[in-house]
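I have placed the structure first, in the form of structure tokens, so that the comments after it can refer back to it.
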Amino acid sequence: MDLYVPIIVLGVLAALFAVGSVAMASLTGPKRWNRARLDAYECGIEPTPQPVGGGRFPVKYYLTAMLFIVFDIEIIFLYPWAVAFDHMGMFGLVEMVLFIVTVLVAYAYIWRRGGLEWD
């Protein structure tokens with residue numbers, strides 16, 4: 001249990017900082033409400049009207065999301081592999097090469113579909 005105390009303390013400090021920051025901002029921030037402040041923020045561009053049932057997202061949105069998830073998962077698996085590389089030897093190298101090849105297949109698919117082209 002002694003090993004978890006610093007993690008718990010750090011979590012409590014982070015939660016207190018987050019809650020305290022929001023509370024201080026609401027107490028000390030300006031209270032001037034106007035029409036522009038209540039509008040949705042669209043990076044300075046007037047929002048375009050949307051259909052009643054929502055709109056269809058382009059396929060590129062999903063391809064970009066898939067690409068992010070694929071590379072996020074790859075990084076999650078590469079860190080422990082890099083730390084334990086000496087202990088795994090040739091077996092670990094072959095397995096990681098196979099894993100990276102499968103990730104590159106997903107990357108090639110997204111590249112072919114135009115997921116990396118920004119209009």
Side-chain angles (χ1 to χ4, degrees):
M1 188 64 179
D2 290 337
L3 296 174
Y4 294 110
V5 171
I7 296 171
I8 293 171
V9 169
L10 185 63
V12 168
L13 285 175
L16 286 174
F17 179 75
V19 170
S21 296
V22 170
M24 289 303 292
S26 66
L27 291 175
T28 60
K31 306 281 190 287
R32 296 180 300 255
W33 300 99
N34 56 24
R35 183 175 170 261
R37 184 171 175 150
L38 296 175
D39 279 346
Y41 180 68
E42 293 284 335
C43 300
I45 300 171
E46 289 295 322
T48 57
Q50 294 290 324
V52 176
R56 294 182 66 170
F57 286 103
V59 174
K60 287 184 181 182
Y61 173 79
Y62 297 108
L63 290 176
T64 305
M66 274 190 343
L67 183 68
F68 174 77
I69 290 171
V70 163
F71 283 108
D72 200 31
I73 290 171
E74 180 184 16
I75 293 300
I76 288 172
F77 283 120
L78 278 175
Y79 276 122
W81 172 78
V83 169
F85 178 71
D86 292 338
H87 302 293
M88 289 187 287
M90 187 57 94
F91 173 75
L93 179 64
V94 170
E95 290 297 319
M96 191 50 64
V97 167
L98 290 174
F99 176 69
I100 290 176
V101 165
T102 59
V103 168
L104 286 177
V105 167
Y107 177 70
Y109 171 75
I110 291 174
W111 192 353
R112 284 283 289 192
R113 297 286 297 196
L116 301 176
E117 296 173 8
W118 297 98
D119 294 323

Atom pairs and distances, side-chain donor-acceptor, residues 16-28, under 3.5 Å, sequence neighbours left out:
unit_1: S21; atom_1: OG; unit_2: F17; atom_2: O; d: 2.8
unit_1: S26; atom_1: OG; unit_2: V22; atom_2: O; d: 3.4
unit_1: S26; atom_1: OG; unit_2: A23; atom_2: O; d: 2.8
unit_1: T28; atom_1: OG1; unit_2: M24; atom_2: O; d: 2.6

Please table the atom pairs, donor to acceptor, closer than 3.5 Å between any side-chain atom in residues 93-112 and protein atoms at least two apart or in another chain.
unit_1: T102; atom_1: OG1; unit_2: F99; atom_2: O; d: 2.5

**Item:** For V5, the rest of its hydrophobic cluster, which grows through side-chain links under 4.5 angstrom
**Value:**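 V9, L13, listed by chain and number.
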
Return all side-chain donor-acceptor pairs below 3.5 angstrom for residues 65-91, not counting sequence neighbours, or 'none' if the list is empty.
unit_1: W81; atom_1: NE1; unit_2: G92; atom_2: O; d: 3.1

